[in-house]
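Here is the structure we will look at, set down as structure tokens.
Every chain is numbered from 1 and lettered A, B, ... according to where its sequence line falls, protein lines coming before strand lines. Computed over heavy atoms, backbone and side chain alike; hydrogens, waters and symmetry mates excluded. What you are looking at is a predicted structure, and each value in this text was computed from that prediction instead of being measured.
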Amino acid sequence: MRLSKFFMPMLRETPAEAQIVSHRLMLRAGMVRQAAAGIYSWLPLGFRVLQKIAQIVREEQDRSGAQEVLMPTIQSADLWRASNRYDDYGKEMLRIKDRHDRDMLYGPTNEELITDIFRNSVKSYRDLPRNLYHIQWKFRDEVRPRFGVMRGREFLMKDNYSFDLDTAGARHSYNKMFIAYLRTFARMGLKAIPMRAETGPIGGDLSHEFIILADTGESAVYCDRGWLETNVLAGDTDYEQDLNPAVAEWTKLYAATDNQHDPEACTLPSDRLHSGRGIEVGHIFNFGTKYSKPMNCAVVGPKGEQIFVEMGSYGIGVSRLAGAIIEASHDEAGIIWPDSVAPFDVGLINLRSGDAKCDAAADDFYRKLIAAGKSVLHDDRTESAGSKFITMDLIGLPWQLIVGPRGLAAGRVELKRRKTGAREELSIDQALNKLTA
RNA sequence: CGGAGUGUAGCUCAGCCUGGUAGAGCACUGCGUUCGGGUCGCAGGGGUCGAAGGUUCGAAUCCUUUCACUCCGACCA
């Protein structure tokens, strides 16, 4: 993509409405624009990031055996009346009437709808377990949206729902998601700590929030200092094996959200206790038969008996992650994208657009990098060199390939790693090899 | 939902107190200049001052109403 043709409206100054760093940088880099309070349009640069994040989530869900569906944003109120949540949800739910004066709503979540789909289609224990997910926009009419896309009213969320025959099966489904979440966040370059969270109606320990430590986080969290040095990374996993040992390993160090942390009961020595703030990027939850019973979602068991399905739900804030990743990875100059979610792999800077040699060299690089499967943003504008450097640092692409007349005269180009700031002078072939290795 | 603010050019803001022909910087357009970390100069274009009422000879400015947005708190992926 040529930057001269790319729709990326940057701002030199920070709009007054943006308070936290991720919001400021997303606006300045032209990733998003606010449409209304807590509602955002995603411009090309931001949308590419959103899709990268969603794709990682998708791949890890698929790997765990979950299957992708797509449910609508608009739902009928009837189902929500059946579960009694139509009234319980209160003003957070955006209620709409259609032309026939029927009560509709913009879905804040999908338990009712997925349960309805499931109960209408699955009748036998032989069809369990199942795990269905979708990545869809949700709306919760927050009293006070803030922090840009991190706390919007409309947000993109991956949510899925597991259906099992018994509690042991539900536990296994839960464990699968636990591991899948570790893998998902690790692939985005994030350290997301699984923290004990408020449990569902069946109690136990079957609820965890996945939290990124950040000073700008919206909730207070407490954890063993050991987490600060822990590399959260789950390797290849056989999802059919017993996952209890793996989950136990990842939960042995203390970690709890504010409402779960009891200073009286916490046995951790005070010098091992880290208290800070965190951003919730995922939440997994087992709720047993909370929806299957009132909505009569049951299958016939091997002895002909009725069995209410054991369910769990699991969420990842996809649009929130775009902001959270920036909170976790930036410097004074701008965003520092982890390679896996960067909107482009390489920022190619032609320092002297219009100069025949520079143009030819830059175009050649562009073609070869694209041919090697890399995505490239080519700054071919006739701006000053300094302006191009600052632009590239702001949007935070992992690699900057700098082509200028001075270097070219010596057959060299410069390669800069955004994350470390390290630059090296390389021959053209060396630079290509390094970027396509 | 309680409390506090802000709405003037695409962005950051001044002007309002004390009413009298709408401003600056950045951005944008043209020309020249410069060219390896936001070059410099000259000349331009762009705003029914959030909206509606009112007071006044005259309202961005004073009064009333209303809408939007932001911040603090309580609540949430």
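- C26(B) and A77(B) have their C1' atoms separated by 38 Å, given to the nearest Å.
- Asp224(A) and Leu253(A) get closest at one heavy-atom pair: OD2-CD2, 3.5 Å.
- Of the inter-residue distances, the one linking Met150(A) atom CE with Ile279(A) atom CD1 reads 4.0 Å to the nearest 0.5 angstrom.
- Mapping His283(A) and Arg412(A) onto RNA chain B by nearest heavy atom places Arg412(A) at the nucleotide closer to the 5' end.
- Counting non-hydrogen atoms under 4.0 angstrom, Ser219(A) reaches nothing in the nucleic acid.
- If you check every strand for non-hydrogen atoms under 4.0 Å, Gly315(A) touches nothing.
- G41(B): Watson-Crick or G-U partner is C31(B), with both key distances under 3.5 Å.
- For U64(B), the paired nucleotide is A52(B), the pair qualifying as Watson-Crick or G-U wobble because both relevant distances are below 3.5 Å.
- Residue Lys138(A) is classed as having no contact, given no heavy-atom separation below 4.0 Å to the nucleic acid.
- Within 4.0 Å (heavy atoms only), Gly152(A) reaches at least one base atom of the nucleic acid.
- For the C1' atom pair drawn from C72(B) and G45(B), the interatomic distance equals 42 Å after rounding to whole Å.
- Checking each of Lys158(A), Arg187(A), Gln55(A) against Glu60(A) for a side-chain hydrogen bond (donor to acceptor under 3.5 Å, both in side chains) leaves exactly one that passes, namely Arg187(A).
- Bounding nucleotides for the chain A contact on RNA chain B, 5' to 3', at a heavy-atom distance below 4.0 Å, are C1(B) to A77(B).
- Remark: side-chain polar atoms of Arg33(A) are paired, donor with acceptor, to backbone N or O of Pro9(A) under 3.5 angstrom.
- With both pairing distances under 3.5 Å, C69(B) is matched to G5(B) as a Watson-Crick or G-U wobble pair.
- Rounded to a whole angstrom, the distance from the C1' atom of C17(B) to that of A51(B) is 24 Å.
- Within the nucleic acid shown, Lys158(A) has no heavy atom closer than 4.0 Å to any nucleic acid atom.
- Shortest non-hydrogen contact noted between Thr73(A) and Trp137(A) is CG2-O, 3.7 Å.
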Fill in: Candidate pair Gln51(A) and Arg48(A), rule side chain to side chain donor-acceptor pair (under 3.5 Å), full reasoning
CA-CA 5 Å; Gln51(A) 288 176 304; Arg48(A) 292 177 72 99; over 6 Å; no
Worksheet item: Can you list the steps and then say if Tyr40(A) with His23(A) is a side-chain contact (heavy atoms from CB on, under 4.5 Å)?
Response: CA-CA 11 Å; Tyr40(A) 291 84; His23(A) 192 193; 3.4 Å; yes
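- One distance of note links CZ of Phe287(A) with OG of Ser292(A); it measures 8.0 Å at 0.5 Å rounding.
- The residue Gly407(A) sits close to a base: some heavy atom pair falls under 4.0 Å.
- Across the C1' atoms, C69(B) and C11(B) are found 16 Å apart, a figure rounded to whole Å.
- Near RNA chain B, meaning a heavy atom under 4.0 Å away, the residues from residues 28-43 of chain A are Arg28(A), Gln34(A), Ala36(A), Ala37(A).
- Checking side-chain atoms of Trp227(A) against main-chain N and O of Tyr254(A) turns up a donor-acceptor pair under 3.5 Å.
- Comparing the C1' positions of A22(B) and G15(B) gives a spacing of 9 Å, expressed to the nearest Å.
- Of the P atoms belonging to G5(B) and A9(B), the separation is 23 Å, rounded to the nearest Å.
- Across the P atoms, U39(B) and U18(B) are found 45 Å apart, a figure rounded to whole Å.
- Checked against Phe178(A) for a ring-ring contact (aromatic ring centres under 6.0 Å, His included), the options Trp250(A), Phe185(A), Phe210(A), Phe285(A) give a single hit: Phe210(A).
- Pairing partner, A77(B): none, since no Watson-Crick or wobble contact has both distances short of 3.5 Å.
- Among the protein residues, Asp159(A) comes within range of no part of the nucleic acid, since none of its heavy atoms lies under 4.0 Å from any strand.
- As rounded to the nearest Å, C75(B) and G7(B) have C1' atoms that lie 28 Å from one another.
- No contact: Glu383(A) has no heavy atom under 4.0 Å from any strand.
- Of the possible polar contacts, one joining the Thr184(A) side chain to the Ala180(A) backbone as a donor-acceptor pair under 3.5 Å is found.
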